[in-house]
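In what follows, every heavy atom counts, from backbone to side chain, and hydrogens, waters and symmetry copies are set aside.
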Amino acid sequence: PTEAIARALTIDTATLSPLTSTELIPRSERREVRSVQRMPLPKGHNAHWVAREYPRWLTRKSLGLIATDFDEEAHRLTFSIRLFPWPILVFHFDDHISEPTRQLLWISGGLLAGPHDTARLEFREVLGGEAVVAAIHDFRPRLPWSLYRLTQAIIHAWVMAAFARHLRRTDSTT
């Protein structure tokens, strides 16, 4: 720790990049979402499998109300509400960073997403492959903050808890 402090004190501040506009806004006022859940990872599966199982499961769980489409060629995953012409969320798999134990999906659009330059969903194996972390980082909802907290945030928490139960059941059947 003292080495790290010493290095930090010797950094030449003239070489640092200028702050971006969001860095000047206190985090509490940015209205960014961070959501992290640890879930069981079924034996014989990895984060790559979880990232592809999640949309399949969501379509089944919602009885087809939420449609998911994975375009393998474009590496794009789209979530839509059935019979509604616009996607609610669009993700792009990052093949340069992703590996079997870590899958990174950039949130690149959709009706529920606000500005999305660094918003991402990640599935990462932890605890030696015993569990997987599903995390959303830097997501800025398009909905007004109070409406987001009363709707989309609650639905997201419920969906992720239900997905964790699905993974737990999958683990017990393998």
Side-chain angles (χ1 to χ4, degrees), residues 17-41 46-63 65-71 74-82 84-99 101-127 131-168:
S17 61
L19 295 174
T20 65
S21 60
T22 57
E23 289 172 320
L24 296 174
I25 302 169
R27 183 168 295 283
S28 62
E29 295 176 23
R30 284 192 229 163
R31 306 293 193 223
E32 290 178 346
V33 175
R34 295 208 192 305
S35 170
V36 180
Q37 293 83 29
R38 187 177 72 193
M39 305 173 184
L41 180 60
N46 58 23
H48 181 271
W49 176 84
V50 172
R52 278 136 182 93
E53 176 64 8
Y54 177 65
R56 288 189 297 258
W57 167 84
L58 187 58
T59 298
R60 287 189 314 268
K61 182 71 174 173
S62 70
L63 302 174
L65 176 65
I66 296 176
T68 58
D69 178 49
F70 178 52
D71 182 337
H75 305 278
R76 183 178 54 241
L77 174 63
T78 305
F79 288 26
S80 304
I81 296 176
R82 190 107 27 225
F84 195 65
W86 303 285
I88 57 173
L89 287 171
V90 178
F91 302 86
H92 280 87
F93 281 87
D94 189 327
D95 291 333
H96 300 297
I97 295 175
S98 294
E99 53 189 51
T101 60
R102 178 186 184 212
Q103 295 289 292
L104 182 68
L105 296 84
W106 295 101
I107 302 172
S108 57
L111 292 175
L112 296 178
H116 45 262
D117 52 345
T118 60
R120 61 205 179 277
L121 168 63
E122 180 178 12
F123 295 98
R124 184 187 291 236
E125 290 181 36
V126 294
L127 301 176
V132 66
V133 168
I136 292 176
H137 301 284
D138 302 332
F139 178 75
R140 292 186 220 144
R142 181 167 301 196
L143 295 174
W145 191 248
S146 56
L147 185 57
Y148 166 80
R149 290 184 59 197
L150 292 171
T151 58
Q152 191 176 345
I154 292 169
I155 292 168
H156 171 73
W158 180 84
V159 166
M160 297 312 281
F163 186 56
R165 286 190 300 274
H166 166 71
L167 293 178
R168 197 169 294 109

Measure the [atom1]-[atom2] distance between [X] and [Y] for me, rounded to the nearest 0.5 Å.
X	Y	atom1	atom2	value
Trp145	Leu150	CH2	CG	11.5 Å
Thr118	His137	OG1	NE2	10.5 Å
Leu104	Glu122	CG	CD	5.5 Å
Arg120	Ile136	CZ	CD1	11.0 Å
His75	Asp94	NE2	CG	10.0 Å
Leu112	Arg140	CG	CZ	16.0 Å

Contact summary for [X] and [Y], nearest pair of heavy atoms:
X	Y	result
Ala51	Phe93	CB-CE2, 4.0 Å
Phe163	Met39	CD2-SD, 3.7 Å
Val90	Gly110	CG2-N, 4.2 Å
Arg102	Ala47	N-CB, 3.8 Å
Pro87	Ser80	CA-OG, 3.6 Å

(Q) Please evaluate residues Arg34 and Asp138 with respect to the criterion side chain to side chain contact (heavy atoms under 4.5 Å, CB included), reporting the C-alpha separation (whole Å), side-chain torsions for both, the decisive distance (0.1 Å), and the verdict. (A) CA-CA 6 Å; Arg34 295 208 192 305; Asp138 302 332; 2.5 Å; yes
Q: Run the numbers on Leu167 and Val132 for side chain to side chain contact (heavy atoms under 4.5 Å, CB included), then give the verdict.
A: CA-CA 10 Å; Leu167 293 178; Val132 66; 4.3 Å; yes
(Q) Counting C-beta onward and ignoring hydrogens, is there a side-chain heavy-atom pair between Arg38 and Leu127 closer than 4.5 Å? (A) yes
(Q) Per the side-chain hydrogen bond (donor to acceptor under 3.5 Å, both in side chains) rule, what does the pair list look like for residues 50-59, sequence neighbours excluded? (A) His48-Arg52, Arg52-Gln103, Glu53-Arg56, Glu53-Arg60, Glu53-His166, Thr59-Thr68
Q | Derivation of the side chain to side chain contact (heavy atoms under 4.5 Å, CB included) call for Leu105 and Phe123 | A | CA-CA 9 Å; Leu105 296 84; Phe123 295 98; 4.2 Å; yes
Q.
Donor-acceptor pair, distance only, cut-off 3.5 Å: does the side chain of Arg142 make one with the backbone of Ala113?
A. yes
